[in-house]
S.K.: 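My structure is below; once you've seen it, I'll send some questions.
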Amino acid sequence: MLDDRSWRSELGVEIDETASVAGFSAGAYTVLLLAGARVAFSQFEPDNPVKSPIRGPREFPNLADELPKLNQNPVFHVAWERRRADFSDSRVQQAIAIAPGRSVLGFSQDSLRAIRKPTRIFGGDEDTVAPPSDCCGWLYENIPACTYEILRGGVGHYTFLPEGTAVGRKAAPELFVDRQGLERSKIHDYVAERSVDFLQGKLQD
């Protein structure tokens, strides 16, 4: 999107060459790559000294077991071989990582410590997919210009997803049903407001 200039003229206003980026879960991982994080180990590769208690994400629960087969696919193999490449973009000025997953534990600590771009992390106190003490806290300890906040009151990993329809709540309650009394929309509004404050330099904690 930053490289493609065709869409900019459609807006009818001048667009800055720099950008602030935000992402949730795997998107948070991508955001940190753009900010300068480098992969030391993929989360599920056997040589990773940080052993994950799970074998894969919700969408691919046996991923670790399938890696040898996947690596036989030429397209996958090319992507796998470049996992430790530098994906940073100098145009990215600020980063917001929402509920970053366990995959961030595979980042090189040296690369995290070299990030000088302001970074804000949000987590949920009842996130069992990406426990904030493991993920958010570890990033906070290693990124110098980082602040983070853990939202309380039963905020889970998927609380940050959009509100579910009746069909969605029935089909995948683990994605769309929160603790009783928790209003997902209020969590979204709060994170949005705090994110704007951060991007405008008004957030100091």
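All values below were derived from every heavy atom in this structure, side-chain atoms included, with hydrogens, water molecules and symmetry-related copies excluded. All residue numbers refer to positions in the sequence shown, counting from 1.
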S.K.: Taking the side chain as everything from C-beta on, heavy atoms only, tell me whether Phe160 gets closer than 4.5 Å to Arg184.
M.R.: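 Side-chain contact under 4.5 Å: no.
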
S.K.: Is there a donor-acceptor pair closer than 3.5 Å between any side-chain N or O of Asn142 and the backbone N or O of Trp138?
M.R.: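 Checked: pair present.
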
S.K.: So which pairs with a foot in residues 57-69 pass salt bridge (charged side-chain N to carboxylate O under 4.0 Å, His left out), sequence neighbours left out?
M.R.: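 Non-adjacent pairs meeting salt bridge (charged side-chain N to carboxylate O under 4.0 Å, His left out): Arg55-Asp65, Arg58-Glu174, Glu66-Lys69.
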
S.K.: Please find the pair of heavy atoms, one from Phe122 and one from Leu151, that lie closest to each other, and give the distance.
M.R.: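 Between these two residues, the closest heavy atoms are CD2-CD1, 3.9 Å.
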
S.K.: With sequence neighbours excluded, tell me which residues meet salt bridge (Lys or Arg N to Asp or Glu O under 4.0 Å) with Glu45.
M.R.: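 Glu45 satisfies salt bridge (Lys or Arg N to Asp or Glu O under 4.0 Å) with Arg83, Arg84 once adjacent residues are dropped.
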
S.K.: Ala40: which residues meet the side chain to side chain contact (heavy atoms under 4.5 Å, CB included) condition with it, sequence neighbours left out?
M.R.: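 Ser108.
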
S.K.: Find the distance between CG (Leu33) and OG (Ser88) and round it off to the nearest 0.5 Å.
M.R.: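 Taking CG in Leu33 and OG in Ser88, the distance rounds to 9.5 Å.
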
S.K.: Tell me, please, which residues at least two apart from Arg91 pass salt bridge (Lys or Arg N to Asp or Glu O under 4.0 Å).
M.R.: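 For Arg91 the salt bridge (Lys or Arg N to Asp or Glu O under 4.0 Å) partners, ignoring immediate neighbours, are Asp3, Asp89.
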
S.K.: Given side chains that start at C-beta, do those of Thr119 and Thr147 come closer than 4.5 Å, heavy atoms only?
M.R.: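 Contact flag for Thr119/Thr147 side chains = no.
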
S.K.: Testing the basics here: between Ser42 and Asn48, what is the closest heavy-atom pair and its distance to 0.1 Å?
M.R.: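 For Ser42 and Asn48, the tightest heavy-atom pair comes out as O-ND2, 3.1 Å.
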
S.K.: Please report the closest heavy-atom contact between Ala19 and Leu2, naming both atoms and the distance.
M.R.: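 Minimum heavy-atom contact is CB-CD2, 4.0 Å.
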
S.K.: Within the structure provided, determine whether Asp4 and Trp7 are in side-chain contact (heavy-atom separation under 4.5 Å).
M.R.: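 Result yes, sub-4.5 Å side-chain heavy-atom pair found.
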
S.K.: For the residue pair Pro100 and Ala130, what are the closest heavy atoms and their distance?
M.R.: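 It is O-CB, 3.2 Å.
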
S.K.: Within the 3.5 Å criterion, strictly below it, is a donor on Gln94 or Ser20 matched to an acceptor on the partner's side chain?
M.R.: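 Checked: Gln94/Ser20 side chains pair up, N/O donor to acceptor below 3.5 Å.
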
S.K.: Do His157 and Thr128 have side-chain N/O donor and acceptor atoms under 3.5 Å apart?
M.R.: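 On atom types as modelled, these side chains do not qualify, holding no pair under 3.5 Å.
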
S.K.: Got more than 12 heavy atoms from elsewhere within 6.0 Å of CZ, Phe87?
M.R.: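 Atom CZ in Phe87 is packed in, count exceeds 12.
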
S.K.: Does Val155 offer a backbone N or O that forms a donor-acceptor pair with the side chain of Thr159 under 3.5 Å?
M.R.: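 A pair under 3.5 Å: no.
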
S.K.: Distance from Glu141 atom CD to Arg113 atom CZ, nearest 0.5 Å?
M.R.: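 Here the rounded value is 9.5 Å.
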
S.K.: Can you find a side-chain donor-acceptor pair between Glu149 and Tyr190 that sits under 3.5 Å?
M.R.: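 Per modelled atom types, Glu149 and Tyr190 side chains form a pair under 3.5 Å.
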
S.K.: Of all heavy-atom pairs between Pro144 and Leu112, which one has the smallest distance, and what is that distance?
M.R.: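 Scanning both residues, the minimum pair turns out to be CD-O, 3.5 Å.
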
S.K.: Which residues, ordered by chain and number, are linked to Val21 in its hydrophobic cluster, where ILVMFWY side chains connect at heavy-atom gaps below 4.5 Å, directly or through other members?
M.R.: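 Members besides Val21, by chain and number: Val31, Leu34, Val92.
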
S.K.: Can you name the closest pair of heavy atoms from Ala37 and Ile115 and give their distance?
M.R.: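 Shortest heavy-atom separation between Ala37 and Ile115 comes out as N-CD1, 3.8 Å.
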
S.K.: Taking the six-membered ring where the residue is Trp, are the ring centres of Phe107 and Tyr29 under 6.0 Å apart?
M.R.: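 Yes, they do, as the ring centres are separated by less than 6.0 Å.
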
S.K.: Atom CG of Leu199 and atom CD1 of Ile96: how far apart are they, to the nearest 0.5 Å?
M.R.: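 Reported value, rounded in 0.5 Å steps: 4.0 Å.
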
S.K.: Can you list, pair by pair, the side-chain donor-acceptor contacts under 3.5 Å of residues 162-170, counting residues two or more places apart and other chains?
M.R.:
unit_1, atom_1, unit_2, atom_2, d
Thr165, OG1, Val167, N, 3.4
Thr165, OG1, Gly168, N, 3.0
Arg169, NH1, Gly164, O, 2.5

S.K.: Side-chain contact, heavy-atom cut-off 4.5 Å: Tyr158 with Asp178?
M.R.: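 Side-chain contact under 4.5 Å: no.
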
S.K.: Are any non-hydrogen side-chain atoms of Val39 and Phe41 less than 4.5 angstrom apart?
M.R.: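 Contact flag for Val39/Phe41 side chains = no.
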
